[in-house]
There are 2 protein chains.
Amino acid sequence: MVTMTAAQRKAESKAAYNAFLAVCPSQKLLGRISDKWVTLILTALGSGPDCTGVPGSMRYSELARTLAGVSPKMLTQTLRSLEHDGLITRSVKATVPVTVSYELTELGLSLHEMIRGLKAWAEAHMDEVLANRESRNADAS
Amino acid sequence: MVTMTAAQRKAESKAAYNAFLAVCPSQKLLGRISDKWVTLILTALGSGPDCTGVPGSMRYSELARTLAGVSPKMLTQTLRSLEHDGLITRSVKATVPVTVSYELTELGLSLHEMIRGLKAWAEAHMDEVLANRESRNADAS
DNA sequence: CAGTATCCACTTAGATACTG
DNA sequence: CAGTATCTAAGTGGATACTG
């Protein structure tokens, strides 16, 4: 069909982009950590139960409380994908009201450190970015 | 109105999250670099006109060609926001068909280096993540 | 307690066509 | 060449209600 050309082009460019993603680990990493809740969960687990600063396990409801405003859907979804990727572990204790806790793995801990590095860079340079935004606004027509 | 409570809650939690973003530079940084085209443009400019590896200025159409599949809308939009934040510069030469070229600033160069660091981490650990995904799939019920 | 399932609203990317 | 304007389609987060 001639009318399908546009759709085909779209599919092709999408496929090309997917192929690109397949060989570009940094894009995949970005896709993972740029998720709003991923970094928050990682940070929460990396900071420990009561923000002690020492990584430790936390329960589902504990995380839900810490990440104020997260819906159960997103929390579960994010937790699952992190577990799936081996960044966190999920432990179930068969108590009467079942107890589930999550903890960073070695790999997750490593990613957490990476994020801290990112944070350091951001704190060092974001103010500069913000300053540029301001000045740009100032001399706007 | 009683029926507005849900909307109000939503607005409040959104406001709370925005307030959080306001004081969390790393989240803002992530928001910026996790954009699909941002990293690609930064990488393109950081790798130079013909992927020589040396950062250099590139023209609009040159970027459009390099980032296969980008729509003019997204290219312009991303370029503008990067310029706005002082990460790239835009130079116009008043030739007959007007010539516009983009180049990384010091700050942009710095971010580019950051992204390269991210890439290094990703290349070192993403295969591990992928391996975890595989094994998880393997022992699935 | 720790989720699961469903629906809805909103953001946002992309196609397309037009302009200086 | 280097954009701008507009419209539409789709992915995605969030609210809500229900379950073991």
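Lettering of chains follows the sequences in order, A, B, ..., and the numbering in each one begins at 1. If you're wondering where the values come from, they're calculated on a predicted model, not measured in any experiment. Note that these values count all heavy atoms, side chains included, but never hydrogens, waters or copies made by symmetry.
Two residues, A:Val98 and B:Arg90, neighbour DNA chain D, and the one matched to the more 5' nucleotide by heavy-atom proximity is B:Arg90. Comparing A:Pro72 and A:Pro97, the nucleotide of DNA chain C nearest to each residue sits closer to the 5' end for A:Pro97.
The side chain to side chain contact (heavy atoms under 4.5 Å, CB included) test with A:Leu111 is passed by exactly one of A:Leu42, A:Ile88, A:Thr105, A:Leu104: A:Leu42.
Using a 4.0 Å heavy-atom criterion, one finds that B:Gln77 contacts the sugar-phosphate atoms exclusively. Using a 4.0 Å heavy-atom cutoff across all strands shown, B:Thr95 reaches no nucleic acid atom at all.
The phosphate of C:dC1 (OP1 or OP2) has no side-chain N or O of A:Arg59 nearer than 4.0 angstrom. Residue B:Arg80 has a polar side-chain atom (N or O) positioned under 4.0 Å from OP1 or OP2 of D:dG3. At least one side-chain nitrogen or oxygen of A:Tyr102 sits closer than 4.0 Å to the OP1 or OP2 atom of C:dG3.
Summarising the geometry, atom CG belonging to B:Leu82 is positioned 10.5 Å from atom CD belonging to B:Gln77; distances are rounded to the nearest 0.5 Å.
Of the candidate nucleotides D:dC1, C:dG14, D:dG14, C:dG14 has the atom lying nearest to any side-chain atom of B:Ser71. For B:Tyr60, the side-chain atoms get nearest to D:dA2 when compared with the rest of D:dA2, D:dG14, C:dC1.
One interatomic measurement links the two molecules: NZ of B:Lys73 to C1' of C:dA15, which rounds to 10 Å at whole-angstrom precision. Rounded to whole Å, atom P of C:dA9 lies 19 Å from atom CE of A:Met74.
Using a 3.5 Å distance cut-off with no hydrogens or angles, the side chains of A:Ser81 and A:Arg32 do pair a donor with an acceptor.
In this structure, A:Val92 and A:Thr99 have side chains that are not in contact, with every pair of non-hydrogen atoms separated by 4.5 Å or more. A:Lys93 is not listed as a side-chain neighbour of A:Val100, based on a closest heavy-atom distance of 4.5 Å or more. The closest side-chain heavy-atom distance from B:Ser110 to A:Trp121 is below 4.5 Å. With a 4.5 Å cut-off on side-chain heavy atoms, B:Leu67 and B:Leu40 count as touching.
Against DNA chain D, the stretch residues 34-52 of chain A makes heavy-atom approaches under 4.0 Å through A:Asp35, A:Lys36, A:Trp37.
For DNA chain C, runs of at least 3 consecutive pairs of the Watson-Crick or G-U wobble type, with both hydrogen-bonding distances under 3.5 angstrom, map to C:1-20 with D:1-20.
A donor-acceptor pair under 3.5 Å links the side-chain atoms of B:Glu62 to the main chain of B:Arg59, judged by distance alone.
Among residues two or more places apart in sequence or in another chain, the side-chain contact (heavy atoms from CB on, under 4.5 Å) test is passed with A:Leu63 by A:Ala44, A:Leu45, A:Met58, A:Leu75, A:Leu79, A:Tyr102.
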